There are 2 protein chains.
Amino acid sequence: MARTAGSDGQKTEAAIRDAALNLIARHGYEAVTMRQLGEEVGVQAAALYRYFPTKEELLFDLMTGHMEALIESWEEARPASSEPADRLAAFVVNHIRFHVERRHSTHVNNMELRSLSRDRLSAILRLRNRYEKELRLILREGAEDGSFRVEDSALTAMAIIQMITGVIVWFRPDERLSVDQVTETYLAMTMRLVGAEEFEEKKNVRAGAEFRAW
Amino acid sequence: MARTAGSDGQKTEAAIRDAALNLIARHGYEAVTMRQLGEEVGVQAAALYRYFPTKEELLFDLMTGHMEALIESWEEARPASSEPADRLAAFVVNHIRFHVERRHSTHVNNMELRSLSRDRLSAILRLRNRYEKELRLILREGAEDGSFRVEDSALTAMAIIQMITGVIVWFRPDERLSVDQVTETYLAMTMRLVGAEEFEEKKNVRAGAEFRAW
DNA sequence: GCATTAATAAAACAAGCGTTCATTTAATTC
DNA sequence: GAATTAAATGAACGCTTGTTTTATTAATGC
């Protein structure tokens, strides 16, 4: 046998990415074999090499795609407001939504940096830094204009990112907590963490009695 | 050759644990080979099997050791005070100190859960839960007696743990930030996060002018 | 100082790894 | 409808993996 009926390169490539994210997120990059990945896609291992030259290149492709999508998602979500509190709120909400929607991809990006070669690693770190810079800027400006209380904007940025990315480690939407509820709570915690004390009350005024402490 | 001059089982075993933590933290469990580990210890790969029956058992031993040491460290650090704010502060300080002192061990415990078999995994998760329960209790009691503002104690516990464990991902003591400074800042952020507003002022009163916003 | 035990080396095991290659079949083009 | 291109197969390559076996040496107990 060789080419199979109904086969389509574009679909296969997408299926490879999808299966790779699933498998790597669950078992780790090193533990996933090309044969295993091929089986998940429904293809021989050799066929994978039509689409990705090496296993590591596939990993790099997945991670780059994730970071670029994250940056793009923030560029679209970034609010018109110049108020630090509004911008921070938008950042947190967008970040959580993005990562909850892409658990596998996020796991891969957080866990598999060490499997990249030096050059590819620093390419990913550059993208990361570009994203994190956005948060540091918000924090710095909020600290300067007095709306936030922040000891060290770089440190606080890391703390916030760890906290809000950590959602995907434990959270699964269930009967007790929905994505919106979790997002709302993380937002409130973040605002208190940076000492933006009036934020919630102002929001409550705007939104009427909609906010409830469940 | 066979037994080498000056060889000592206890020293070898400790050296294996040490080398394994280092290698696994840096390259990941799957990527580390028994031959590589043997070389790091200064011993043939086969000699490792005198001390650990399988590679996975070695991993499990490392992870169990880490969790038991963490639980023990908290039992010793737990303060006499019944004030939720004091207990939370002690928890955060102890947690950060412990994890900064054991970066490698922490990395292994955070990253390699997926390499454990079902039974061994749930044994580690039981230890984890025992530890996290301590934080949840502090938060619940603080929320009940009005000293904290916490929307959901389980969720907040996870958020805090993600945040304060995340220190080890980015932090290296340097000329800009010392361990104590970082700990102090994380503590302040945690206290604001749970809405323990008076904590810092009270502490300042106790400690005089020692606290400074650097 | 002899027997025993602990610690290791060295070699071998079967299985599995990422990757390459020649080939075959399906779809597309003209 | 023949020629071309795209997509995939199946076998093989050389190497590495975790682990086992066997043999040998050093330390220990009496």
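Note that the structure is predicted; figures quoted are calculated from it, not measured. Letters A, B, ... are given to chains in the order of the sequence lines, protein chains preceding strands, and every chain is numbered from 1.
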Q) Counting just side-chain N and O atoms, does B/T12 come under 4.0 Å of either OP1 or OP2 of C/dT8? A) yes

Q | Step-by-step side chain to side chain contact (heavy atoms under 4.5 Å, CB included) determination, B/M34 to B/Y49 | A | CA-CA 10 Å; B/M34 297 301 268; B/Y49 288 85; 3.6 Å; yes

Q. Among the nucleotides C/dA9, C/dA7, D/dT9, which one has an atom lying closest to any side-chain atom of A/A47?
A. D/dT9

Q) Which is true for A/V32 with a 4.0 Å heavy-atom rule: it touches a base, it touches only sugar-phosphate, or it touches nothing? A) sugar-phosphate

Q.
What is the distance, to the nearest angstrom, from the NZ atom on A/K55 to the C1' atom on D/dT16?
A. 13 Å

Q: Report the distance from atom CD of B/E57 to atom P of D/dG18, rounded to the nearest whole Å.
A: 16 Å

Q) What about A/R35, does its side chain sit under 3.5 Å from the base of C/dG16 through a donor-acceptor pair? A) no

Q. Is the shortest side-chain N to carboxylate O distance from A/E112 to B/R114 below 4.0 Å?
A. yes

(Q) Tell me which one of A/Q10, A/R17, A/K11 satisfies side-chain hydrogen bond (donor to acceptor under 3.5 Å, both in side chains) with A/E13. (A) A/R17

**Q.** Nucleotide nearest A/A46 when distance is taken to its side chain, options D/dA8, D/dG18, C/dT20
**A.** C/dT20

Q: Mind calculating the distance between CD (A/E39) and P (D/dT9) to the nearest angstrom?
A: 12 Å

Q | Nucleotide of D/dG18, C/dT19, C/dA11 approaching B/Y49 most closely (side-chain heavy atoms) | A | D/dG18

Q.
From CZ of B/R50 over to C1' of D/dT25, roughly how many Å is that when rounded to an integer?
A. 13 Å

Q: Give the rounded distance in Å between these two atoms: CE of A/M34 and C1' of C/dT20.
A: 12 Å

Q: Would you mind reading off the distance between A/F52 atom CZ and D/dA8 atom P, rounded to a whole angstrom?
A: 13 Å

Q | Proximal nucleotide (of D/dG18, D/dG10, C/dG18) relative to the A/Q44 side chain | A | D/dG10

Q: Taking A/E57 for its side chain and A/T54 for its backbone only, find out whether a donor-acceptor pair lies under 3.5 Å.
A: no

Q | Length of the CD-C1' vector between A/Q10 and D/dA6, whole Å | A | 12 Å

Q: Specify the residue among A/A31 and A/P53 whose closest nucleotide of DNA chain C lies further upstream toward the 5′ end.
A: A/A31

**Q.** Side chain of A/T54 (C-beta onward), nearest among C/dG18, C/dT8, C/dT19
**A.** C/dT19

(Q) In this structure, how many angstroms lie between the P atom of D/dT19 and the CG atom of B/L37, rounded? (A) 12 Å

Q: Could you tell me whether a side-chain N or O of A/R120 sits under 3.5 Å from a main-chain N or O of A/E56, the two making a donor and an acceptor?
A: no

